[in-house]
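Structure record follows, encoded as structure tokens.
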Protein chains: 2
Amino acid sequence: MNIGQAADASGVSAKMIRYYEQIGLIRPPTRTDSNYRVYGSDEVHVLRFIRRSRTLGFSIEETGALLALWQDKTRASGEVRDIASEHISALETKIAELESMVGTLKHLVHCCQGDNRPDCPILDDLAGTHSKTKGH
Amino acid sequence: MNIGQAADASGVSAKMIRYYEQIGLIRPPTRTDSNYRVYGSDEVHVLRFIRRSRTLGFSIEETGALLALWQDKTRASGEVRDIASEHISALETKIAELESMVGTLKHLVHCCQGDNRPDCPILDDLAGTHSKTKGH
DNA sequence: CCTTGACCTTACCATGATGGGAAGGTCTAT
DNA sequence: ATAGACCTTCCCATCATGGTAAGGTCAAGG
């Protein structure tokens with residue numbers, strides 16, 4: 001199987017497959033005489049694993065750790081759970097930050113008339129005019 | 001005021017101030033004879049505006065638009081509200097995606113014993129073994 | 001006057017993950 | 001044999017930010 005077919009089969013672009021190889025996330029595959037990369041179903045399986053992990057928001061580094069555990073028959077399931085738990089925490093922190101932003105913006109939009117008057121509470125907030133003395 | 005003092009006063013790093021100038025977000029300041037950038041309170045005010053906008057998650061491009069509206073006395077407040085509203089939508093989409101990831105991960109962690117058995121539902125899910133036929 | 005240290009300047013490189021493209025080699029089907 | 005689809009490597013771009021290096025400037029103190 002050439003790289004294009006492996007890409008189709010795994011949902012990972014050929015570009016990314018080469019990149020993952022380059023950074024050492026996956027092993028270099030065998031090559032044909034004409035230097036084409038050759039993949040089998042095992043490699044496609046690994047690529048699917050990576051794609052799913054990335055879809056769930058794991059970084060490449062985390063994905064590499066999960067991949068190592070996946071391929072390690074003697075692994076402890078607790079390690080995997082810890083990685084996932086930490087990832088959940090990070091995601092929840094991110095969500096809280098975004099929700100805070102949304103809250104602030106919604107408040108501002110709510111206060112904003114949206115008409116043609118030059119007064120705009122959103123810009124005033126960004127400028128900090130109502131919380132800080134405007135003079136130098 | 002030199003760039004370091006402007007950075008302290010605005011909370012924007014000197015590095016970023018130069019970058020914002022380079023990409024045209026802010027105007028090049030006057031220079032001393034020895035080529036040092038010189039800033040006044042107006043510039044610091046602009047930098048604070050930018051920092052606040054970035055903190056709220058607006059991109060540099062959006063920040064530029066908001067900045068132009070802020071500095072445009074004849075602006076329509078509705079434009080600002082529209083930018084903010086679109087930004088809220090984008091943030092909410094992002095939040096929904098993250099929450100979906102968290103939901104999936106929590107389910108997996110919940111199913112995971114966390115002991116030393118090699119069976120791990122998280123890895124199984126990533127590998128897709130329970131939703132896809134393993135053979136090619 | 002000279003040194004020291006803190007500051008400034010530009011220029012380049014790096015991140016993380018991905019896409020785009022160019023220039024050139026290979027394979028397959030007609 | 002040739003066209004078109006595929007492969008190869010290499011370089012560049014994104015976005016916003018940080019770092020580092022090499023060199024210029026300024027203020028304080030001996």
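Below, read A as the first sequence line, B as the second, and so on, with proteins coming before strands; counting in each chain starts at 1.
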Worksheet item: Rounded to the nearest Å, what distance is computed from the CG atom of residue A:Asp33 to the C1' atom of nucleotide C:dG25?
Response: 14 Å
Worksheet item: If Ile, Leu, Val, Met, Phe, Trp and Tyr residues are connected whenever their side-chain heavy atoms lie under 4.5 Å apart, and connections chain through other members, are B:Tyr20 and B:Val38 in the same group?
Response: no
Discussion item. Are B:Met16 and B:Ile60 connected into the same hydrophobic cluster when the rule is that any two of I, L, V, M, F, W, Y join if their side-chain heavy atoms are below 4.5 Å apart?
Written reply: yes
Worksheet item: Is the closest side-chain heavy-atom distance between A:Arg37 and A:Asn2 below 4.5 Å?
Response: no
Worksheet item: Counting heavy atoms not belonging to A:Glu86, are there more than 12 under 6.0 Å from its CD?
Response: no
Practice prompt. Go through the steps to decide whether A:Phe49 and A:Leu66 satisfy the test side-chain contact (heavy atoms from CB on, under 4.5 Å), and finish with yes or no.
Written response: CA-CA 9 Å; A:Phe49 182 100; A:Leu66 291 171; 4.1 Å; yes
Worksheet item: Are A:Phe58 and A:His87 close enough, and set up right, to give a side-chain contact (heavy atoms from CB on, under 4.5 Å), and what steps lead you there?
Response: CA-CA 7 Å; A:Phe58 288 99; A:His87 189 52; 3.6 Å; yes
Fill in: Pairs touching residues 100-109 of chain B that satisfy salt bridge (charged side-chain N to carboxylate O under 4.0 Å, His left out), sequence neighbours left out
A:Glu92-B:Lys106
Practice prompt. Please say whether more than 12 non-hydrogen atoms of neighbouring residues, nucleotides or ligands are located less than 6.0 Å from CZ in A:Arg27.
Written response: no
Item to complete: Pick base, sugar-phosphate or nothing for B:Ser13, based on heavy-atom distances below 4.0 Å to the nucleic acid.
Response: sugar-phosphate
Worksheet item: Between the two ends of the helix from C:dC1-D:dG30 to C:dT30-D:dA1, what is the bend in degrees, rounded to 10 degrees, where each end axis spans five pairs?
Response: 30°
Worksheet item: Within the pair B:Tyr20 and D:dT17, is there a side-chain N or O less than 4.0 Å away from OP1 or OP2?
Response: yes
Practice prompt. Treat primed atoms plus P, OP1 and OP2 as sugar-phosphate and everything else as base, then score nucleotides 1-15 of chain D 5' to 3': B for base contact with protein heavy atoms under 4.0 Å, S for sugar-phosphate contact only, - for none.
Written response: -----BSBBB-----
Practice prompt. Rounded off to whole Å, could you give me the CE-to-P distance for the A:Met16 and C:dT18 pair?
Written response: 5 Å
